[in-house]
Protein chains: 2
Amino acid sequence: MARETSSSKGEIPKGALRAIVLSLLSDEPSHGYGLCQTLAGRTRSAFELSEGTLYPLLHELELEGLVEAKDGVSETGRKRRIYHLTRAGRRETESWRKHWLATAELITELLIPDAPARTRSR
Amino acid sequence: MARETSSSKGEIPKGALRAIVLSLLSDEPSHGYGLCQTLAGRTRSAFELSEGTLYPLLHELELEGLVEAKDGVSETGRKRRIYHLTRAGRRETESWRKHWLATAELITELLIPDAPARTRSR
DNA sequence: GACTATACCTCGACGTCCGATGTATCATGT
DNA sequence: ACATGATACATCGGACGTCGAGGTATAGTC
C-alpha cells in the first residue's frame, strides 16, 4: 500500500498563505491571476497557488480592510482587479511576516538538532 | 471588527508535525507524553503539541510501519510506550526533513524580498 | 482520601486549502 | 466566422490536519 497518506507534500503550509499573499502585495500591488504566477515563478513552482484558494482569500482580506481593490485594465485590454494594501494591511503584513519568519526558523531548528545560533544559548 | 479570523497563529503549520515528530524520534526514542514536553521545551512553548494530535499520529505512524513501540516502565514505575523509528521511518524522516527545510527556506525567501538565492534571476 | 503529575487514549468540531467547474474577453490560427 | 488557448475572475464541495474537551488509570504527596 505505502499509501503516502498524502499529508500534503506539495502544499502551502497552513496559515502561511496569508503572510505570503500580503507580503507579495506589499512588494507591489497586483491582481489575482498575477499573484498566482508571481508565486509560482518565485518558488520555481514549489508553491502553486490555486485560484480556488486565492480569490476567496482576497475577498476576505478586503472585508477585513487589509486590502483594497481598484478595477483596471491590462495593457492587453482585459479587466483586472488590482489589489493594494491598506495601512492596516501593512501593519498586519509585518505582524504575519515576523510570525512566519520565526516559525520557519523554529522548524529549521527542530529539524537540525545540531543547528547553531539560537540567540539565547540554552 | 478586527476579527483576526483566527487563522491560527499559535499552531503548528499543517503537515509539519509529521516531520517534527519523526525528527524528534530520530534524535532518541521516546514516549508520547515525553514528546509533548520535549517539543514545548525545545520551542520555548511556541509549539505546543496537544495529545489529541499526537497519539493518533503515533498510531498512524505505527500502522504505516515508520515507528515501532515497546511497552516499558519509567523509573517512577509508570507505564510507557516507547516509540522508536524503523528503518523505513528513518528514510521517511530524511525525506520529510528535506522537504520542510526547503519549505521553511522558501517561506523565508518569499517574506524577505531582498533575500539572496534565487538561482535564476529572471 | 483528595489532589496533582504522569501517561495513555478517543471523539467531535473547525479552519484551511485544493480541485473541479463556470463565466467572459482577447489574440491567434484556419 | 469559428475554434482554441491564455488571461482573468469567481464559487462550491470536500478532504485533511489540528485542536480542545473529555475519559481512564497509576504513583506520589499532603
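Letters A, B, ... are given to chains in the order of the sequence lines, protein chains preceding strands, and every chain is numbered from 1.
Within residues 49-59 of chain B, the residues having any heavy atom under 4.0 Å from DNA chain D are, by residue number, Ser50(B), Gly52(B), Thr53(B). Scanning residues 27-34 of chain A for heavy-atom distances under 4.0 Å to DNA chain D yields His31(A), Gly32(A), Tyr33(A).
Look at Glu94(A) and Arg91(A) and you find no salt bridge, because none of the NZ, NE, NH1 or NH2 atoms lies under 4.0 Å from a carboxylate O. Salt bridge absent: Arg81(A) and Glu68(A) never bring a charged side-chain N and a carboxylate O closer than 4.0 Å. We find that Arg97(A) and Glu92(A) are not joined by a salt bridge, their nearest charged nitrogen and carboxylate oxygen being 4.0 Å or further apart.
For Ser26(B) and Ser23(B), the side-chain atoms include no donor-acceptor pair closer than 3.5 Å.
Atom-to-atom, CZ of Phe47(B) to P of dC19(D) comes out at 10 Å; the value is rounded to the nearest Å. If you take CG of Asp71(A) and C1' of dA10(D), they are 14 Å apart, rounded to a whole angstrom. Straight-line distance from the CG atom of Leu17(A) to the C1' atom of dG15(C): 13 Å, rounded to whole Å. Summarising the geometry, the separation between CD1 on Ile20(A) and P on dT16(C) is reported as 15 Å, rounded to the nearest angstrom. Across the protein-nucleic acid pair, Trp96(B) atom CH2 and dG17(D) atom C1' stand 11 Å apart, rounded to whole Å. In this entry the distance linking CZ of Arg81(B) with P of dT26(D) reads 17 Å, nearest Å. Between Leu61(A) atom CG and dA10(D) atom P the separation is 13 Å, expressed in whole Å. The distance between atom CG of Leu35(A) and atom C1' of dA10(D), rounded to the nearest whole Å, is 15 Å.
Contact detail for Ala16(B) and Ile12(B): the closest heavy-atom pair is CB-CG2, 4.2 Å.
Phosphate proximity of dA5(C) to Gln37(B): absent, as no side-chain N or O sits under 4.0 Å from OP1 or OP2. Taking side-chain N and O atoms only, Arg80(A) has a distance below 4.0 Å to OP1 or OP2 of dA8(D). Side-chain N/O atoms of Thr76(B) include none lying less than 4.0 angstrom from OP1 or OP2 on dG28(D).
Between the side chain of Ser74(A) and the backbone N or O of Arg78(A), at least one donor-acceptor pair lies under 3.5 Å.
Screening Leu57(A), Leu54(A), Leu22(A) for a side-chain contact (heavy atoms from CB on, under 4.5 Å) with Leu17(A), the sole residue that qualifies is Leu57(A).
If you check every strand for non-hydrogen atoms under 4.0 Å, Arg78(A) touches a base. Residue-level contact check: Ala16(B) touches the backbone only, with heavy atoms under 4.0 Å from sugar-phosphate atoms and none from bases. Note on Glu75(B): nothing from the nucleic acid sits closer than 4.0 angstrom, heavy atoms only.
In Gln37(B), the CD atom is crowded: over 12 heavy atoms of neighbouring residues, nucleotides or ligands sit closer than 6.0 Å.
In this pair, Tyr33(A) and His31(A) present their aromatic rings parallel. The plane angle is below 30°, not in the 30 to 60° band.
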